[in-house]
Amino acid sequence: MREHRNYDILKDPARHGEVAERFAPGYEELKQPSQSAAAQTDAEPQHPEDRRRTEQARAADTAAAKRAELPKFDSLDEKYEFENKERQADIDGRLALGRITQGEASDEMYRFQQQQSASLQSEIREFERYAARDREIDKAALDHAKVLARQAEEMRQVGTRLESFGHNPLDQKQTALSQNPSHEEMRYQKALREHFSERDSYGSLGRVAGAEYSAFAREQKELADKIGHEYDATTRHELQLKKEIRAADHLAFTSNRIADQFESIYETRNSEDGMKYEARAKEEEARSQKLNDEYEHLHAHEAWAAENKEERASYQRSEESARRSESERPQTSSHDAASDKANGANGELSDVQREKLAKIQATYEASGNDWRDAANETTRPNGRDAAG
């Protein structure tokens with residue numbers, strides 16, 4: 001006779017309670033899901049890097065939830081006043097329950113206020129460091145814009161020679177963006193689209209540099225304003241890191257462009273000025289990478305990546321719209337070109353004027369006079385031809 005599968009339980013009086021529990025109402029609902037079911041509902045990633053990212057995301061969610069519970073403050077004084085009231089209420093509650101004595105309550109509140117005072121001074125110094133760093137970044141970016149504008153003027157002066165060596169300022173405007181353009185590329189291309197002029201290619205590059213700097217300065221000021229009104233230390237640090245990364249990327253981008261243009265001006269890559277800005281570019285790129293690594297460890301990188309993706313999509317939509325508008329712009333027809341030729345476009349003599357000059361030349365040569373006197377009179381702005 002085959003034994004019942006729970007016969008060992010029935011033989012053991014100590015396990016009779018387990019049998020009764022199994023027959024209790026609702027037992028099936030309380031059972032833990034099987035290993036396969038649990039694996040299907042909440043599968044843990046197996047790769048170490050995937051597990052690390054999952055843990056980072058969980059930690060970020062937890063930290064964000066804790067910060068969301070805190071009220072927003074308009075000043076450091078308001079923040080510390082709130083924390084002081086919170087601690088005082090906690091101490092008063094424990095004192096009322098008899099968990100601490102009056103002397104212990106006074107000592108605890110005194111120590112807390114001392115810590116708060118030190119923390120306040122630390123935060124004030126932190127804001128002062130941020131302000132000093134803001135001035136350094138703005139000065140460096142403005143210096144780069146001035147160098148780029150000065151280079152544009154230098155390239156204008158040696159434009160013929162540069163063009164003979166294959167340099168064309170239009171190349172900067174027509175350079176195709178990569179599939180995932182950087183924030184700096186998009187800013188520069190936007191400045192080119194709005195300020196570059198083919199009629200004054202080198203001169204307009206100076207205006208492009210100014211517009212590029214203005215856009216960068218506005219972005220930095222917006223982030224500085226957010227930092228100045230953020231009194232959660234973690235969020236403030238994240239914003240400052242983002243601001244520093246943007247600055248490093250911009251300075252690296254403009255340093256590389258300055259080095260490239262010095263190569264065009266001096267016809268060598270190894271000029272002292274070019275090498276200085278090449279070194280500056282590498283320094284800022286290394287700084288950006290270090291800051292990005294730190295930012296990623298704060299678990300905020302994925303949200304920023306999504307923000308950058310949306311920015312690229314928005315930029316590409318605006319670029320496509322601009323290209324469509326340019327393609328729909330009326331082009332100069334062959335009839336217009338013929339009319340320009342006949343009427344003397346670009347300061348040249350028109351066909352009618354040439355014909356008149358030929359007749360004057362023939363008439364005056366036949367009479368033995370110098371035809372150039374009449375020709376000068378004809379082409380003079382206030383001459384008889386102009387008056388007629």
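All residue numbers in this chain count up from 1 along the given sequence. In what follows, every heavy atom counts, from backbone to side chain, and hydrogens, waters and symmetry copies are set aside. All figures in this text were calculated on a predicted structure; none of them were measured in a lab.
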Would a 4.5 Å heavy-atom cut-off, applied to side chains only, mark Arg87 and Gln113 as touching? no

Could you check whether any side-chain heavy atom of Glu283 comes within less than 4.5 Å of a side-chain heavy atom of Arg287, counting everything from C-beta outward? no

Using side-chain heavy atoms (C-beta onward) and a distance below 4.5 Å, is Phe112 in contact with Ile91? no

May I ask you to say whether Arg133 pairs ionically with Glu136, meaning some side-chain N is under 4.0 Å from a carboxylate O? yes

Hydrophobic cluster membership, with links at side-chain heavy-atom distances under 4.5 Å among I/L/V/M/F/W/Y: are Leu239 and Ile137 in one? no

Which heavy-atom pair separates Ile100 from Leu95 by the least distance, and what is that distance? O-CD1, 3.2 Å

Distance under 6.0 Å and angle within 45° of ring axis: Arg187 vs Phe253: no

Exceeds 12 heavy-atom contacts within 6.0 angstrom, atom CD of Gln121: yes

Please give me the minimum heavy-atom distance between Arg207 and Asp200, naming the atom from each residue. NH1-OD2, 3.7 Å

Hydrophobic cluster membership, Val208 vs Val147, 4.5 Å side-chain cutoff: yes

Could you tell me if the side chain of Tyr277 sits less than 4.5 Å from the side chain of Thr254, heavy atoms only? no

Are side-chain N/O atoms of Glu126 and Tyr130 paired as donor and acceptor at under 3.5 Å? yes

Is any side-chain N of the basic residue among Lys282 and Glu285 closer than 4.0 Å to the acidic one's carboxylate O? no

Kindly indicate whether the side chain of Met109, heavy atoms from C-beta on, has any atom under 4.5 Å from the side chain of Asn84. yes

Would you say Asp143 and Tyr213 are linked by a side-chain donor-acceptor pair, where the criterion is simply a distance under 3.5 Å? no

Any donor-acceptor pair under 3.5 Å from Ser288 side chain to Glu284 backbone: no

So do the side chains of Leu251 and Phe216 get within less than 4.5 Å of each other, counting heavy atoms only? no

Glu154 versus Arg150: any side-chain heavy-atom pair under 4.5 Å? yes

Search all heavy atoms of Phe262 against all heavy atoms of Ser271 and return the closest pair with its distance. CB-OG, 4.3 Å

What I want to find out is whether Glu123 reaches Lys79 closely enough, with some N-O distance under 4.0 Å, to be called a salt bridge. yes

Within the 3.5 Å criterion, strictly below it, is a donor on Gln220 or His250 matched to an acceptor on the partner's side chain? no

Do Glu212 and His144 meet the criterion of a side-chain donor-acceptor pair at a distance under 3.5 Å? no

Lys226 bridged to Glu222 by N-O distance under 4.0 Å: no

Does the side chain of Asn292 pick up a donor-acceptor pair with the side chain of Glu296 at under 3.5 Å? no

Is Lys243 reaching over with its side chain to a backbone N or O of Leu223, donor-acceptor style, under 3.5 angstrom? no

Which heavy atom of Ser204 sits nearest a heavy atom of Ser197, and at what distance? OG-N, 3.1 Å

Report, as yes or no, whether the 6.0 Å neighbourhood of atom CZ on Arg94 holds more than 12 heavy atoms from other residues, nucleotides or ligands. yes

Minimum heavy-atom separation for Gly203 to Arg156, with atom names? CA-NH2, 3.3 Å

Consider only side-chain heavy atoms of I, L, V, M, F, W and Y, link residues closer than 4.5 Å, and tell whether Phe82 and Tyr231 are in one cluster. yes

So, for Leu120 and Tyr80, which heavy atoms are closest and what is the spacing to 0.1 Å? N-OH, 3.3 Å

Polar contact flag, side-chain donor to acceptor under 3.5 angstrom, Asp293-Gln289: yes

